[in-house]
Amino acid sequence: MKAGIPPVAAARGSGRAGPPRLSPPRPTHARQRPKGSARMSRYTPAEIEPKWQKAWDEALTFKAERKNGKPKYYVLEMFPYPSGRIHIGHVRNYTMGDVVARYKRATGHNVLHPMGFDAFGMPAENAAMASGGHPKTWTYDNIDTMVEQMKPLGLSLDWSRMFATCDPEYYGQQQALFLDFLEQGMVYRKNAVVNWDPVDMTVLANEQVEEGRGWRSGALVERRELTQWFFRISDFAEDLLEALDGLDDWPAKVKTMQANWIGRSRGLQFAFSTTDAPEGHDRIEVYTTRPDTLLGASFVGISPDHPLARQLERDSEEVAAFCAECRRTGTSEEELETAEKKGYDTGITVRHPFDTSWELPVYIANFILMDYGTGAVFGCPAHDARDLEFARKYDLPVSSVFVPAMGEEGTYILPEDGGPAYVPPKVETVRYLKPFAGEEAMTGDSGVDAAIAFCEENGVGQGVTKYRLRDWGLSRQRYWGCPIPVVHCDACGVVPEKKENLPVELPDDVSFDQPGNPLDRHPTWRDVACPSCGAPAKRETDTMDTFVDSSWYFARFTAPRAGTPTDMADAEYWMNVDQYIGGIEHAILHLLYARFFSRAMHLTGHLPEKSREPFDALFTQGMVTHAIFQTYRRETHPDPQPDKLVRHYLFPEEVITFQHDGIEKAVETAFAESLEGVGGLSSVQALAEVHRIADMNGRGVEIIPSAKMSKSKKNVVDPVSIISQYGADTARWFVLSDSPPERDVEWTASGAEAAHRHLSRVFRIAAEAARAEDAPQGSDEVLLREMHKTIHDVTQGIESFGFNAGIARLYAFTSTLSKSDAGGEAKREAARTLAQLMSPMTPHLAEEMWSMLGGEGLVADAPWPVADETMMVEDTVTMPIQINGKRRGEVVVPKDMPKPEVEELALSHHAVLKALDGGAPKKIIVVPGRIVNVVV
RNA sequence: GCCCGCGUGGUGGAACGGUAGACACAGGGGACUUAAAAUCCCUAGCCACAUGGCGUGCCGGUUCGAGUCCGGCCGCGGGCACCA
C-alpha cells in the first residue's frame, strides 16, 4: 500500500450532507505507533491486512484442489474487463462473491473461487489508435495493474488459476471448440448487415454510431452486407426456453427477460396474392401472431430488404432512394423502433385471402425487419400502435375487429374515431365485431387459435411456432479478438485449420495508424497454404465476438492449464457453478450465450450432461453510484463571438458539500478559497455565503444524485485510495452495508468513514474482551442468548444474500457486547463468535481478533458457528392490539396462549373498551404470536 | 418504441399480507476535555401544546388488516443482438 493520499482529497466532498469536515481523519496507516502497551487497542489495517494475507498465502488456504469427503462449492463472479484500474463496482461484486466463498469454506465445503480477465475487445484497439501503443501491451499492463490493485482486498481467490482470454493458451482452446462446433453443424456462414463507415472504410459497432454518424469520421453510416459466421443458437431456442423453468435459484426477472428475448410465438403464416407485381413476386408471405385481426387488415408492409423491395429498387430510382434512406439508420433494434415510421407506396396491391375483391396497398416500411418472420406483415391499425401511427400518417383505413368485452361503455373510443390502438393482453376476453371463427366473446388467445384452425381448414395458411431469437453472428472485423481458425481456398472453399496447428495466433507486428482491420493488411499472416490441398490460400481475417470468450471461461477455470478445452474429470468434479454473481446488464446476452455454449460443449464432449445448464444459482447485484457535481465554465471567444457557458464536471474531492436550509448544497473548494473576507470554509454560514456568491457569478455547483459512475462525469471513487486510507476491510464492509446487494448503492465518503469507525470500535471491544476479568456474572446468559440469535440472523443473511441485514445485526450485537457486564470468558466467547461472523466480510480484522482472543489456527479455517435453537426461544411475546386495523395498544402474553384467552385479554384492554363503548365487537382476528385485530 | 426492474424520514435502508421507519449516515442535546480530536450517553418521520391526525411516488381496488397483492398512471434505472 502506498502511503498518504492528501487527506483533504478524500475527506472533503462527496459527503451527502452535513457540515464541512475541516480536519479530516488522518490515514490510519500513517500513524507509526511505537510498539508497546497501547499497541493492542489501536486498529491498524495497514499492518494487519498484509500480515494476514501473507499468512493465507503461506498456508495455501485458498488453493482449490479436488478432494473427496467434502462437498465442492464453485463460486464465481463475472470476470472483469481490464480497463486499467479497478472500480468500486468491482469491489462490491468480488466482495459479495468472497463472502459466499469464505462462508462456504467455513461450512465445510471445498471451494473453487477463481479470477480471470475478459481481455479481448475494442477499448484496447481504441487505446492503440489514440496513443500508438499495441493492444497486447496495453491489455497486459492493465491486467498487471488490476491484479496489483485487487490483491490488497484480501479476496479468497485461487490466483494460480488466473488467465486472460487473450492468452493464446485460452483462445487456442476456443478455436478448438469452434472447429468441433463447425464439425457438428452448429456454425455456418450467411450474409448479414453491419454499420459501415464510408469514410473510414470500416465496420462500426453500434456504440460507435452517434446519431447516424461514425464517431470519428462523422460520416453518415450505411448498412452493408458481409458474409459472416453464425452459431445456430436458434436451433436451441425451444430448449433454452423450456429449461428456464428448472432454474429455481435464478432471479425471476432474468428468466422473464430471457423468455421474452427468445420470444416464442404461435401464429399464422400465409400468403397474399399480388396484383401488378413484377414477375416472380405473385405471392407475399406474411407471418402474424394476431390472425384473429385479419378482417382489420389495412395494408401490407415489407422490409426494405425484402426480395420484392429489392426488385422494385432495381426498377425505380424513387424506390431505390427510399430504400437507401431506410438503410441509413443504424442496425440496432432501438434505432429502428424509435425512428419515425416511414413508408413508400409501391402501387402494388394484394388480395385479401377471405375476399379477393378486397385489395390492400403494399408499402415498403422502414420499421420491418427482414430478419424476423418473413420480412413482411399485414398492418392492422386498430390493434397495433405502430400500425395505427402508420395508417394515420398515410391516411389508410382503420377498422376495429374487437372491442372491450364489458364495462367501459361510454369511455371507450374506437381507434377509427381517434382513440388509441386497442391492444389488450391475449388472456383478456374481448367482444369480436366481425367474428369469422370461434365465439363472439372470447380471449385473444382463443381468437388466435380459432383463426388458425379456420385458416388451416380453408387452405389460407398454417399455424407455425416462431422464435424472436436470431442466430448469433460472431464475426468481427477487428484485430484484438480470437482469430476464426479457417482458411479460404479457391479450390477447396472454406477449410478448417488443423487442430495441431492451433492456436492460430494473432501477429504482433501490426499498426493502427489507419482504420480497419490490420489483419486484412498483413500479407505474411494472411497468406497461407490451404490445409487441405496446399495451394495458396488466405486466412479468415475476422475475429470472434468477445461474447464467445466469456461463454465458456467458467468451464476453463476447472482446468485452466489443460491441453484440451476442458478436462472431463475436473469438469465433472467442479461443475456446475454453484453461485454465479454479476451485473443485471448481463441478464440476457451473456447468460443466454453461455447457456448455449454449455449445451454445445456437452454435444461435442467437452462438458458433462449436468452442465447443459452451467449456473445453478444466479445473483445479480446493483451498481455503485455517486453524485455528479456539475458546474459551468465561461469559454471566452475573440470578438465578435459571444462568450459561451460550457458544462464542466468536478471530482468529488474538488467540492465541499454541506446542508443549508434543509437542502444539500455544494461549493467548489478552489472558488471558496479564492474569495477573501467571507470566511472561506470555516462555517456553514460562510459556505452558504460562498454558495450565494458562486450562484451570482455563474460558478454554482449543481448536485445530480445517484448517477452511474463514469470517468467522463468525474463522479468516480477510486478503491485504491479508499484502501490506502481506511484499509480493505472498511471498503468491503461499506459496500456490503446499507443497501441490499441487488440494488444500486450510493458511495458516500461519510458512509466509508462510518464503516471505518465501526471496525475500529469492534477492534477495541475485542481487545477489551481479551483482557476482561474472568469473574462470572449474572448477565452471561443475556449476552449468549443474543449471540445465538445473531449467529442465526447473520447466517440467514448470508444464505439469502441479505448481507446488509446481516450487517445490521452485527452492529446491534456489537453494541450489546460493548454494554454487557458479562464475565470475561463469556465476553471472549461472544467476541470470538463476532470475529467468525464478520470473517466473510472483514477477513483481516476477524483474523486479528481471533488470534488476540485465543482462537485456534486461522479463523479462515474455523468451522462456522451454529446457533443453539434452545437459546433463542422466548417464552413471552408482545402482541399489538389493532382496532379496525390500526394499532391502539399491546399486550404481553405467554408465547403459546390459546386464542380465546388472548381475545379475552384484548377485549379488556382499555383502548378496546373505549372503542367498543359498551357494544359488542363485530369480529376479532387473532394471529397467534403476531397480532390481534378487533373490528368494531 | 419494446422487454425487465425500482420508487419508504434530511440520507442509505429494515419490515413471512400483521406494531412502518430495525441498523446506519447526517442533525440536535449532553458527558469527558483548559480547548479540540477521539470516545460514550440521550434524542429524533411529518403536523399539532396535547388528546390526536397524516404518512411507504400518484389514483383506484381486494382484505379484518396493504410498503407488500391487483389495475391504471408518473418518475428513475437496466437491456435491445457489434460496449463489455
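Throughout, a chain's letter reflects where its sequence line sits, starting with A, and its residues are numbered from 1.
- Residue A:Arg470 has no polar side-chain atom (N or O) positioned under 4.0 Å from OP1 or OP2 of B:A81.
- Nucleotide B:G67 is matched to nothing when pairs are restricted to Watson-Crick or G-U wobble geometry with both distances under 3.5 angstrom.
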Seminar exercise, completed: The contact string for nucleotides 14-21 of chain B, one letter per nucleotide 5' to 3', using protein heavy atoms under 4.0 Å with B, S and - for base, sugar-phosphate only and none, comes out as S-B-BB--
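- Taking 4.0 angstrom as the limit, A:Asn206 places a side-chain polar atom (N or O) nearer than this to OP1 or OP2 of B:A81.
- For the pair A:Arg757 and A:Thr256, nearest-nucleotide mapping onto RNA chain B gives the more 5' position to A:Thr256.
- In this structure, B:G27 and B:U43 make a Watson-Crick or G-U wobble pair, each of the two defining distances being under 3.5 angstrom.
- At a cut-off of 3.5 Å, with distance as the only test, no side-chain donor of A:Asp197 or A:Thr202 sits close to an acceptor on the other residue.
- Classification of A:Arg216 and A:Glu210 as a salt-bridged pair fails, no side-chain N sitting under 4.0 Å from a carboxylate O.
- Between A:Arg761 and B:C40, a side-chain N or O to OP1/OP2 separation shorter than 4.0 Å is present.
- Of the charged side-chain nitrogens involved, none lies within less than 4.0 Å of a carboxylate oxygen, so that A:Lys190 and A:Glu225 do not count as a salt-bridged pair.
- Comparing B:U8 with B:A15, their C1' atoms are spaced 10 Å from each other, to the whole Å.
- For A:Phe596 and A:Phe231, the ring centers are positioned less than 6.0 Å apart.
- Across all strands shown, B:A37 forms no Watson-Crick or G-U wobble pair with both key distances under 3.5 Å.
- In a base pair of the Watson-Crick type (N1 to N3 plus N6-O4 or O6-N4) or a G-U wobble (N1-O2 and O6-N3), with each distance short of 3.5 Å, B:C58 is matched with B:G72.
- Residue whose closest nucleotide on RNA chain B sits further toward the 5' end, between A:Trp261 and A:Ala385: A:Ala385.
- With both pairing distances under 3.5 Å, B:G9 is matched to nothing as a Watson-Crick or G-U wobble pair.
- Glycosidic conformation of B:G9: syn, with the torsion inside 90° of 0.
- Look at A:Arg764 and you won't find any side-chain N or O under 4.0 angstrom from OP1 or OP2 of B:A38.
- Checking side-chain atoms of A:Gln258 against main-chain N and O of A:Ala587 turns up a donor-acceptor pair under 3.5 Å.
- Between A:Phe734 and A:His756, the gap from one ring centroid to the other reaches at least 6.0 Å.
- Look at NE2 on A:His590: it is 18 Å from C1' on B:C80, rounded to the nearest Å.
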